[in-house]
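The residues of the chain are indexed from 1 along the displayed sequence.
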Amino acid sequence: MGEAFTCIIIEDDFSSSSFIKNVIVKNFPKVKILSTITSILTAEIELPKSNPDFVILDINLQDGNAFTLLRELDSIQFKILFVTAHNKYAVEAFKFSALDFLLKPIYPDDLVMSIHKIIEELENQQYHNQLEAFFHNYNTKNDQKKLVLKNLETVHVVDLDEIVYIESDNNYSNFHLKDGRKVLISKTLKSFEKKLRNENFFRAHQSYLINLSYVRAFDKKNDTVTLINSVNLPVSQRKRKELIEILVQ
């Protein structure tokens, strides 16, 4: 089925939002609707937190205009499908890189066509990200390699030196990044251990793969390793000797 995408519907008319939601559920199983928002005020709070792939946005809401909302946001990382009863907004809508603009009343076929257009654009973007990471890593002159991390919502392309450690969570791996972000990937820690074996990463414990560049101390009495930001992780008895040898080289 490919990657899943996330969507937020911003519409204060209940019948319109229900119609849009039903069309998506019926025709786009790979699209997850995160929420339906009915006001500019709520959208200002929720959009930066939810970080959707695309937004279906009614231009005129009871508490304000969608363009005012968009100008208040620090950045717009999502695709936009505008809907409105007034075509006078079309020119301004496309200034915000709208992928489409639908006039009310919305017909199901038109909505389906517009969402297909958005998904195609998102898939092309994901492919471009993966291709960019491949060519970056293929260039042997480039010391800083990248890793492509795919989950249901997003394709993340991260520099290896962004990764402080990776934590096993059953059949998932939780990436802890230098800036405090976490990225959960549905692959085992073992699969990343093989991939990162020659990239200064060390399997200190069955549950942890650490970036040796960020080791600050090793407590031999308690068999714990301290990473940046005072993160303390256990070291298995089986791995302690090997880790000590690496650190004292």
Side-chain angles (χ1 to χ4, degrees), residues 3-25 27-28 30-129 132 151-158 177 179-183:
E3 298 297 329
F5 299 105
T6 55
C7 167
I8 286 179
I9 301 167
I10 303 177
E11 168 64 81
D12 59 3
D13 181 79
F14 178 76
S15 61
S16 291
S17 63
S18 296
F19 164 75
I20 293 168
K21 191 181 297 184
N22 289 336
V23 169
I24 292 174
V25 170
N27 295 279
F28 299 97
K30 65 161 63 175
V31 174
K32 178 182 179 183
I33 301 171
L34 297 178
S35 61
T36 301
I37 295 172
T38 59
S39 71
I40 297 292
L41 183 61
T42 305
E44 278 185 35
I45 298 168
E46 290 300 320
L47 282 176
K49 290 196 301 184
S50 300
N51 193 28
D53 291 307
F54 69 97
V55 172
I56 299 176
L57 177 58
D58 188 359
I59 292 175
N60 289 108
L61 300 178
Q62 289 185 5
D63 66 336
N65 182 289
F67 302 126
T68 304
L69 161 68
L70 295 172
R71 291 189 187 99
E72 288 297 318
L73 298 175
D74 291 333
S75 65
I76 300 173
Q77 303 295 331
F78 47 82
K79 309 297 179 186
I80 305 171
L81 168 58
F82 285 105
V83 295
T84 182
H86 308 284
N87 61 8
K88 65 180 181 179
Y89 295 114
V91 173
E92 191 167 2
F94 284 104
K95 288 179 183 177
F96 286 95
S97 301
L99 280 180
D100 222 331
F101 181 93
L102 294 179
L103 280 173
K104 293 180 177 180
I106 304 169
Y107 295 99
D109 288 349
D110 292 337
L111 181 56
V112 167
M113 191 179 302
S114 293
I115 295 174
H116 272 303
K117 184 177 177 181
I118 289 172
I119 289 175
E120 183 179 356
E121 179 78 13
L122 288 166
E123 287 176 333
N124 287 340
Q125 186 174 311
Q126 286 189 342
Y127 176 72
H128 176 76
N129 286 345
E132 183 181 337
N151 57 26
L152 286 177
E153 290 82 21
T154 313
V155 174
H156 302 267
V157 182
V158 300
L177 305 184
D179 61 6
R181 287 181 297 142
K182 297 179 183 179
V183 180

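No donor-acceptor pair under 3.5 Å is formed between the side chain of D53 and the backbone N or O of F5. Remark: side-chain polar atoms of S17 are paired, donor with acceptor, to backbone N or O of F14 under 3.5 angstrom. A donor-acceptor pair is defined here as one N or O able to donate and one able to accept, closer than 3.5 Å; such a pair exists between the side chain of N27 and the backbone of V23.
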Test log, rule side chain to side chain contact (heavy atoms under 4.5 Å, CB included), inputs I10 and L47: CA-CA 10 Å; I10 303 177; L47 282 176; 4.0 Å; yes
Criterion side chain to side chain contact (heavy atoms under 4.5 Å, CB included) on K104 and D58, from CA distance to verdict: CA-CA 10 Å; K104 293 180 177 180; D58 188 359; 3.0 Å; yes
Side chain to side chain contact (heavy atoms under 4.5 Å, CB included) assessment of V55 paired with L81: CA-CA 6 Å; V55 172; L81 168 58; over 6 Å; no
Worked verdict on S50 versus T6 for side chain to side chain contact (heavy atoms under 4.5 Å, CB included): CA-CA 9 Å; S50 300; T6 55; over 6 Å; no
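Taking 4.5 Å as the limit, every side-chain heavy atom of L102 sits out of range of all side-chain heavy atoms of I56. Looking at heavy atoms from C-beta onward, S39 lies out of side-chain contact with L61 at the 4.5 angstrom threshold. For the pair P108 and F19, the minimum side-chain heavy-atom distance is below 4.5 Å. In this structure, I40 and E44 have side chains that are in contact, with non-hydrogen atoms separated by less than 4.5 Å. At a threshold of 4.5 Å between non-hydrogen side-chain atoms, the residues I118 and F28 do not count as touching. The shortest side-chain heavy-atom distance between L57 and L70 falls under the 4.5 Å cut-off. Using a 4.5 Å heavy-atom threshold, the side chains of T84 and L103 count as touching. Contact annotation: the side chain of V83 approaches that of I106 to within less than 4.5 Å [non-hydrogen atoms, C-beta and beyond].
For the side chain to side chain contact (heavy atoms under 4.5 Å, CB included) criterion with P52, the lone passing option out of I33, I8, I9 is I8.
Considering only residues two or more places apart in sequence or on other chains, D179 meets the side chain to side chain donor-acceptor pair (under 3.5 Å) condition with R181. Scored by the side chain to side chain donor-acceptor pair (under 3.5 Å) test, E46 finds no partners at all (sequence neighbours excluded).
Distance CG/L111 to NE2/H116: 10.0 Å, rounded to 0.5 Å.
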